[in-house]
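Note sheet for the following structure.
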Number of protein chains: 4
Amino acid sequence: MAFGTSRFAEQGYHPTSVSEIVTGLGVGKGVFYWYFDSKEQLFLEILRDAQTDLRRRQQQAIAEEDDPIRRIELGLRASLAWAEEHRDHNRLIQFAATEATFVGALRRGQDIAVADVVRHVKEAIAQGRIRDDADPDLLAHAMVGVAGHLTRTFIYERGEAAGGVADSVVAFCLRGILGDP
Amino acid sequence: MAFGTSRFAEQGYHPTSVSEIVTGLGVGKGVFYWYFDSKEQLFLEILRDAQTDLRRRQQQAIAEEDDPIRRIELGLRASLAWAEEHRDHNRLIQFAATEATFVGALRRGQDIAVADVVRHVKEAIAQGRIRDDADPDLLAHAMVGVAGHLTRTFIYERGEAAGGVADSVVAFCLRGILGDP
Amino acid sequence: MAFGTSRFAEQGYHPTSVSEIVTGLGVGKGVFYWYFDSKEQLFLEILRDAQTDLRRRQQQAIAEEDDPIRRIELGLRASLAWAEEHRDHNRLIQFAATEATFVGALRRGQDIAVADVVRHVKEAIAQGRIRDDADPDLLAHAMVGVAGHLTRTFIYERGEAAGGVADSVVAFCLRGILGDP
Amino acid sequence: MAFGTSRFAEQGYHPTSVSEIVTGLGVGKGVFYWYFDSKEQLFLEILRDAQTDLRRRQQQAIAEEDDPIRRIELGLRASLAWAEEHRDHNRLIQFAATEATFVGALRRGQDIAVADVVRHVKEAIAQGRIRDDADPDLLAHAMVGVAGHLTRTFIYERGEAAGGVADSVVAFCLRGILGDP
DNA sequence: AATGAATGAGTATTCATTCAT
DNA sequence: GATGAATGAATACTCATTCAT
């Protein structure tokens with residue numbers, strides 16, 4: 001799975017052949033099909049694991065925090081930290097979103113992740129810290145968009161450190177949900 | 001190109017065969033290769049056209065506006081309007097970002113688009129309307145991230161109207177660049 | 001026909017497309033099929049013309065000569081001279097011998113050419129100048145083989161002048177039919 | 001390789017498709033590409049093997065013989081015997097000479113074969129048995145030409161036995177190199 | 001006479017998958 | 001558990017040929 005992840009991320013899912021994977025691993029084709037039903041299933045499994053892992057990371061980060069705003073911040077920071085370490089998985093997630101075969105599998109995981117944020121936003125609204133005319137769902141997605149795009153641009157493309165980028169992401173997002181221009 | 005765009009968007013670039021395209025069009029395989037050197041070139045041509053068209057739309061939207069903040073807003077609204085009408089092209093752009101063969105072609109167009117926004121942000125900073133410790137580049141990308149993600153989620157997935165989503169995008173982004181939490 | 005000949009000779013019959021021929025000539029595909037029924041027919045026509053032309057050259061060379069041995073010599077020299085000027089046609093003849101579609105068309109012309117030489121040999125045998133236990137047909141083909149191979153090796157590959165090579169061909173062949181080791 | 005040889009020889013290299021070869025063999029298309037990189041490579045491999053085999057046959061034939069003239073004779077006889085048994089390979093060699101892609105591969109083998117004969121001729125000249133004004137290279141090629149052409153005409157086309165044709169080839173060639181008309 | 005867009009059968013080649021060993 | 005030879009449907013692409021203009 002690790003090797004497949006790196007090949008898929010580097011060249012794309014379709015341009016990577018099962019042959020290439022097993023050859024690169026120095027094993028026969030048989031073992032591939034012993035462990036996976038198909039190339040598609042390998043991809044799906046990688047995808048599931050990645051989403052599970054990211055989720056765990058986010059949960060751990062906010063576990064001890066009661067303040068919803070702080071939980072949002074910690075969640076964002078955890079996401080960026082994870083993204084920095086899982087460049088390849090992140091690329092695969094991005095690709096999965098572009099192909100009919102995989103969107104379904106992707107959706108569930110992303111829905112769960114967003115639902116978390118939505119919960120925090122709602123709590124903050126209840127506490128009167130975010131305007132109550134705001135749509136929690138929209139705010140959550142906006143923050144996901146900021147985090148994702150800045151990760152790809154500044155961490156992946158420009159090689160900046162996740163910590164610094166996270167500061168900016170948090171700043172922008174908190175202003176976005178709390179600010180009053 | 002129109003038909004290819006829709007097939008590519010629906011099933012993905014690789015799962016769509018040249019055969020399928022020409023059959024769906026009711027023409028022979030030869031015509032395809034009369035007009036395009038390869039399947040790859042067709043994709044590249046679609047990509048280029050899409051980026052050119054979006055750019056034109058943005059330029060037209062801000063042509064008469066002097067205020068940089070208003071230009072940012074109009075640019076965002078124009079992007080969402082275009083995205084609503086060019087769902088398929090947008091998906092192709094997303095896919096292009098995931099495959100080595102196409103990233104190069106994509107980059108240039110996106111760099112130009114972001115450069116525009118950066119210019120407006122800098123102008124607003126010069127006017128003292130945005131804190132001068134902000135990184136214009138980062139702010140620009142953050143807004144691109146918000147617009148892109150909310151478009152995909154609310155316009156494409158949930159079928160909401162571009163106008164309403166644009167209001168939210170603008171609100172979030174302006175708070176993000178101007179707000180003081 | 002001239003252009004086709006050169007392309008066929010340079011790259012081979014199959015690797016040369018009709019498209020390449022008409023493009024190289026700056027004309028449309030229509031004209032090609034106005035003058036020739038097919039690519040195959042063009043080749044056949046080139047082949048026929050080449051054989052006719054070679055034959056004419058040989059006939060002219062021996063027209064005024066009565067001595068059969070001298071006629072053989074003059075015929076050989078004429079063949080080499082023609083071959084020097086018609087490198088491309090010669091290559092096509094060689095190719096034609098390797099493909100089922102063309103062997104038939106080739107045979108006739110070659111039979112005629114050999115028959116000429118056979119006639120001279122028989123005459124020389126009748127005059128008692130060549131041993132009467134010799135097979136005229138075999139002697140004729142042997143000489144054709146010498147002429148053909150030395151042409152390809154020394155004139156085509158090594159770029160030597162036809163005149164000098166012809167001297168050697170004649171010397172070897174005359175010893176071959178007359179000599180007594 | 002055996003089946004490919006016969007198809008190539010019968011219809012020509014280009015008119016023979018990989019499809020036809022694997023179908024005729026009752027195997028899947030994949031096996032072909034498991035053993036050969038391409039159709040071209042199959043041809044090249046056949047060519048190389050044929051040349052190697054012919055060479056070995058010639059070497060064996062002359063191994064125990066000291067007299068250079070006798071070595072020439074034995075070499076010619078070995079060549080004709082081989083040619084009788086390898087009709088198809090011989091045709092392929094002939095075709096290879098007409099296409100740019102293959103001439104290179106052909107040349108080396110033929111150069112080696114001729115170099116052998118040249119060596120014998122030179123030795124015979126040194127022994128004073130062949131006129132010392134003769135060009136060994138030319139004599140060698142002349143003999144190759146005789147052997148090749150008579151093989152094709154009398155063995156392949158007319159179905160005569162290699163033994164009888166070899167007698168004629170040897171007689172003609174020895175007169176050609178030794179005779180004094 | 002000539003053009004060149006259009007056809008579609010045909011080509012070499014790839015690759016996910018199977019299965020006897 | 002593991003191998004890798006074998007399968008064959010599928011792919012991108014070519015090209016001789018046609019025909020409306």
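Reminder, nothing fancy here: chain letters follow the sequence lines and each chain counts from 1. Keep in mind the model is a prediction, meaning the values are calculated, not measured. Heavy-atom basis, side chains included; hydrogens, waters and symmetry copies ignored.
Under the salt bridge (charged side-chain N to carboxylate O under 4.0 Å, His left out) criterion, B:Arg55 pairs with B:Asp116, sequence neighbours left out. Partners of C:Asp49 according to the salt bridge (charged side-chain N to carboxylate O under 4.0 Å, His left out) rule, which considers only residues two or more places apart in sequence or in another chain, do not exist here.
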Test side-chain contact (heavy atoms from CB on, under 4.5 Å) on C:Met1 and C:Tyr35; report intermediate values, then the result. CA-CA 10 Å; C:Met1 288 177 69; C:Tyr35 291 105; over 6 Å; no
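No engagement by B:Phe36 is indicated, since no non-hydrogen atom pair under 4.0 Å with the nucleic acid exists.
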For DNA chain E, produce a single dot-bracket line, 5' to 3'. Pairs: Watson-Crick or G-U wobble, both distances under 3.5 Å. Symbols: ( ) within strand, [ ] crossing, | other strand, . unpaired. .||||||||||||||||||||
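Note on residues 17-27 of chain A: pairs passing side chain to side chain donor-acceptor pair (under 3.5 Å), not counting sequence neighbours, are A:Arg7-A:Glu20, A:Gln11-A:Glu20, A:Ser19-A:Lys29.
Judged by the 6.0 Å and 45° rule, B:Lys39 forms a cation-pi pair with B:Tyr13.
When the side-chain nitrogen and oxygen atoms of C:Tyr35 are compared with OP1 and OP2 of E:dA1, none of them lie within a distance under 4.0 Å.
Of all the heavy atoms in A:Leu42 and A:Phe32, the pair that sits closest is CD2-CE1, 3.6 Å.
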May I have the list of side-chain donor-acceptor pairs in residues 89-97 of chain C shorter than 3.5 Å, sequence neighbours left out?
unit_1, atom_1, unit_2, atom_2, d
C:Asn90, ND2, C:Tyr156, OH, 2.8

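Remark: the B:Glu99 side chain and the A:His14 side chain contain no N/O donor-acceptor pair separated by less than 3.5 Å.
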Given protein heavy atoms under 4.0 Å, the one-letter contact record of nucleotides 8-18 of chain F, with B base, S sugar-phosphate only and - none, is simply BBBSSBBBSBB
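Mapped onto DNA chain E by nearest heavy atom, B:Gly26 and C:Trp34 fall at different nucleotides, with C:Trp34 at the one closer to the 5' end.
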